[in-house]
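Reviewing the structure listed below.
In what follows, chains are A, B, ... by sequence order, proteins preceding strands, each numbered from 1.
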Number of protein chains: 2
Amino acid sequence: MKPTIVDIAREAGVSIATVSKAIHNTGRMSEETRKKILTIMQDMNYRPNMMASALKGKSTYTVGLLIPDLSNPFSSEIARSVEDRGKELGYSVVMCNTDYDPEKEAWYISVLNQKRVDGIISASGFQNEDMLRDLVEQHIPIALITRDSKTVAVDTVTVDDFMGGYQATSYLIGLGHRRIGTIVLDLDNGRERLRGYKHALEEAGLPCDEKLILSGFTKEDGKEAAAKLMEYSEPPTAIVAGNDLLAIGVMLSAKERGIIIPDQLSVIGYDNTILAEITTPSLTTMNQPVGEMGRQVMDLLYQEITGKKKIKKRIVMAPELVIRESVKPPLS
Amino acid sequence: MKPTIVDIAREAGVSIATVSKAIHNTGRMSEETRKKILTIMQDMNYRPNMMASALKGKSTYTVGLLIPDLSNPFSSEIARSVEDRGKELGYSVVMCNTDYDPEKEAWYISVLNQKRVDGIISASGFQNEDMLRDLVEQHIPIALITRDSKTVAVDTVTVDDFMGGYQATSYLIGLGHRRIGTIVLDLDNGRERLRGYKHALEEAGLPCDEKLILSGFTKEDGKEAAAKLMEYSEPPTAIVAGNDLLAIGVMLSAKERGIIIPDQLSVIGYDNTILAEITTPSLTTMNQPVGEMGRQVMDLLYQEITGKKKIKKRIVMAPELVIRESVKPPLS
DNA sequence: TTGAAAGCGCTAACAA
DNA sequence: TTGTTAGCGCTTTCAA
C-alpha cells in the first residue's frame with residue numbers, strides 16, 4: 001500500500017501535524033526534525049494524497065478544458081497552449097471533446113463538478129447559455145477562449161473576428177478583386193467575420209451579392225461550396241474561407257476543375273494552422289495568436305480561482321494576415 | 001456552498017446512509033423514500049463529491065495520458081480516440097505533454113500519483129525505463145500505445161513497425177526503384193521500421209547504402225535530409241520517411257530544387273495524418289489505425305484497473321499502405 | 001517546538 | 001427498512 005502521513009509520522013517518531021507542516025514548509029520546527037521527515041518521505045516515496053487535502057477545502061489543482069474536437073489542428077493547438085500554461089501554474093487539465101453537442105457539454109460539466117475541479121475553460125462556447133449562467137452563478141471559475149457570451153459576464157479571450165473578416169476582404173479588394181465569395185462558419189465567430197467582410201465591401205463601394213455567401217465547416221463543405229461558386233455565370237475571383245480546412249476544400253475543388261490557384265482564383269484561409277504551410281500553393285490565412293491566447297485564458301482562470309480578481313475581463317486580440325502564395329491580383 | 005450528503009439527508013428527513021444507498025441504488029428501501037431522496041438531490045442540484053468517495057477507497061475515474069506533443073496531428077488523434085473510449089467507460093482523461101523530456105515525464109507521473117488516478121496511458125513511452133518499472137511494481141495500472149518496452153512486462157498496443165518499413169520499401173522496389181533513401185525517426189519505432197526497410201532491400205538482393213539512411217523528426221529535418229540525399233552523385237529515386245511531416249519536408253525541398261514529385265522522386269510518409277491528404281501531390285503513406293488503437297489501449301487499461309485481467313497483453317496491429325499520388329515507378 | 005483532536009464528505013459494516 | 005458509527009488521509013486550531 002501507498003504510505004500515508006501516518007506512516008511517515010510513525011517512522012519519524014513525530015506526530016502527523018508535524019509531518020504536515022514539514023510537507024508545506026509552514027510553522028516552525030527544528031531544522032533537524034524537518035530534515036529527518038523530508039528524508040523519510042523521500043525514502044518511502046511518499047506522495048501526499050490530494051483527495052484528502054482537497055477534502056479539507058484545498059484546491060484540486062485541476063481544471064477542465066472543453067474543446068470541440070481535439071483531432072482538429074486548431075483545437076489541439078489551443079489545448080496544447082492551455083496545458084503548457086497550466087503546467088507552469090501547477091494545474092492539470094482534463095480534456096473534454098464536446099463536438100458542439102449540448103448533451104456532451106452537460107455531461108462533462110457534471111463530471112467536472114463531481115471531481116471538484118478548480119475551474120473550467122471552454123473553447124467550444126456553450127450551445128446552451130443557461131449552463132454557462134448556472135456555472136457563473138455557482139461561482140465556478142470559468143473562462144472562454146475564442147468564444148464569447150452575449151448575455152453572461154464572463155472572462156474571455158477572443159480574437160477580433162470582425163477585424164479578421166474585414167482585413168482578409170479588404171486585402172483582396174486592395175489587390176483589385178471585385179467579386180469576392182465567402183464561406184462562413186456557422187458560429188458566432190463566423191457571423192462577426194461576415195460582418196467584417198460586408199463592411200469591407202461596403203467601404204469600397206462594392207455590392208454585396210448574397211449568392212456569394214455560403215457556409216460550412218469541413219474540407220468537404222469547402223469543396224461543395226467552391227463548386228457551387230465556380231459554376232455561377234459570374235464566378236468570384238477570390239474566396240475568403242472561414243477556416244483553413246474550408247480553404248483547402250476550395251483548393252481541391254479548383255484543382256479538380258483545372259482552375260489554377262492563385263492565378264485564376266485567390267483563396268484566404270483562417271486560423272493559420274499547420275495545414276496552411278504545407279498546401280501547394282501555400283495558404284494565405286488569418287493568424288490567431290493561439291499560443292498567447294491559451295496562456296492568457298489560463299491566466300484569467302487562475303486569477304479567478306485564486307480570487308485575485310473580482311471583475312470579469314475580456315481580452316481581445318488582433319488577428320493578423322499571413323501572406324503566402326494563394327492570393328494574387330485578379331486577371332484583369 | 002455546495003450541498004453535501006448531510007444537507008440532502010436533513011432535507012429528506014433520513015440518515016446519510018440512506019441517501020448514500022439511494023445514490024448508488026444499492027441496499028433496499030421503500031420506493032417512496034428513494035423517490036423522495038432522488039427528487040431532493042435533483043432540486044438541490046446535488047453532486048456527490050468524488051474526492052470523498054475516492055478517499056474511501058473508491059476509484060477516481062480519472063486516467064492520465066502522456067503524449068509527446070498535442071499539437072502534432074498524430075498525437076492529437078490518439079488523444080481524441082483515447083478520450084472517446086474513456087468517456088464511454090466513464091473515465092476522464094488528464095493530458096500531459098511530455099515532449100519526450102524525462103523530467104516532464106517524472107513530474108507528470110508524480111502529479112498523477114498524487115491525484116491518485118486509476119491508471120496511466122503513455123503514448124510517449126518512457127525515456128527512463130526505470131520509471132516504467134516502478135509504476136508496474138507499484139501496481140499502478142499502465143498501458144502503452146505505439147510504444148513498447150523491451151524489459152518490462154506491460155500492456156501495449158502497437159503497430160508492427162518492422163512490417164510497416166518493409167511494406168513501404170518493398171512497394172517501391174516492386175515499382176522498380178533500386179536506390180531508396182530513408183529518413184528514420186530516432187525512436188524505437190524508427191529502428192524497427194529501418195529493420196523492415198533493410199529486410200526488404202536484402203530480400204530483393206539490393207545493396208544497403210548507409211549513406212542513404214538519415215534521421216530526423218520535423219518538417220525541417222525532412223528538408224535538410226532531402227537536400228543532402230539529392231546532392232549525392234547518385235541520388236535515390238525514392239524516399240521512405242519516418243512520418244508525414246518528414247515526407248512533407250522532402251516534398252518542400254524537392255520543390256525548391258525543381259524536382260518533380262512523383263515523376264523524378266517518389267516519397268512515402270508514415271502515419272496517414274490529415275496532412276497526407278492535403279499536400280500536392282497527395283501523400284502515399286503508411287496508415288496506423290489510430291482510432292482502433294486508442295480504443296484498445298483504453299480497454300486494456302480498463303481491464304487492468306478493474307482487475308478483470310491478470311496477464312499483460314500486447315496487441316499488435318498491422319499497418320496499411322495508403323496509396324495516393326506521391327509515388328511512381330522511377331524514370332527508367 | 002511539537003502534538004492532540006476535530007472534521008472535510010463519503011462508504012459500508014453493523015445495529016436497531 | 002433505516003440509522004449509527006468508524007474511518008479514509010489530510011489540514012489546522014489550540015494547547016502543552
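Between the CG atom in D134(A) and the CD atom in E137(A) there is a gap of 6.0 Å [rounded to 0.5 Å]. We find the CD-CE distance between Q114(B) and M50(A) to be 5.0 Å, quoted to the nearest 0.5 Å. The distance from the NZ atom of K35(A) to the CD1 atom of I40(A) is 14.0 Å, given to the nearest 0.5 Å. With rounding to the nearest 0.5 Å, the separation of CD1 in I140(A) from CD1 in I120(A) is 5.5 Å. Separation of atoms CD (E77(B)) and CG (N72(A)) is listed at 11.0 Å; rounding is to 0.5 Å. Here CG of L70(A) is found 5.0 Å from CG of N97(A). Values are rounded to the nearest 0.5 Å.
Within 6.0 Å of CG on D186(B) lie no more than 12 heavy atoms contributed by other residues, nucleotides or ligands.
Note: CE (M41(B)) to P (dG9(C)) measures 16 Å, nearest angstrom. Regarding K58(A), its NZ atom lies at a distance of 15 Å from the C1' atom of dG7(C), rounded to whole Å. Atom pair E32(A):CD and dT1(C):C1' shows a separation of 12 Å (rounding to whole Å applied). Nucleotide dT1(C) holds its C1' atom 11 Å from the CZ atom of R34(A), rounded to whole Å. Rounded to an integer number of Å, the gap from CG of L55(A) to P of dG9(C) is 7 Å. In this structure, H24(B) atom NE2 and dG9(C) atom P are separated by 16 Å, rounded to whole Å.
Remark: K309(A) is not positioned above the aromatic ring of Y302(A), lacking an NZ or CZ atom under 6.0 angstrom from the ring centre and at most 45 degrees off the axis. For the pair K87(A) and Y108(B), the cation sits on the ring face: its NZ or CZ lies under 6.0 Å from the ring centre, inside 45° of the axis.
With a cutoff of under 4.0 Å to any heavy atom of chain B, the contacted region of DNA chain D is bounded 5' to 3' by dT1(D) to dG9(D).
Looking at heavy-atom distances under 4.0 Å, T33(A) makes contact with sugar-phosphate atoms alone, never a base.
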Q288(B) vs D271(B), side chain to side chain donor-acceptor pair (under 3.5 Å): CA-CA, chis, key distance, verdict: CA-CA 6 Å; Q288(B) 310 204 49; D271(B) 290 347; 2.8 Å; yes
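Remark: the K56(B) side chain and the dG9(C) base include no donor-acceptor N/O pair separated by less than 3.5 Å.
When only modelled atom types and interatomic distance are considered, S92(B) and T62(B) share no side-chain donor-acceptor pair under 3.5 Å.
For residues 9-23 of chain A, proximity to DNA chain D is found at I16(A), A17(A), S20(A), defined as any non-hydrogen atom under 4.0 angstrom from a strand atom.
Comparing the start and finish of the helix from dT1(C)-dA16(D) to dA16(C)-dT1(D), five pairs each, the helix axis swings through 40°, to the nearest 10 degrees.
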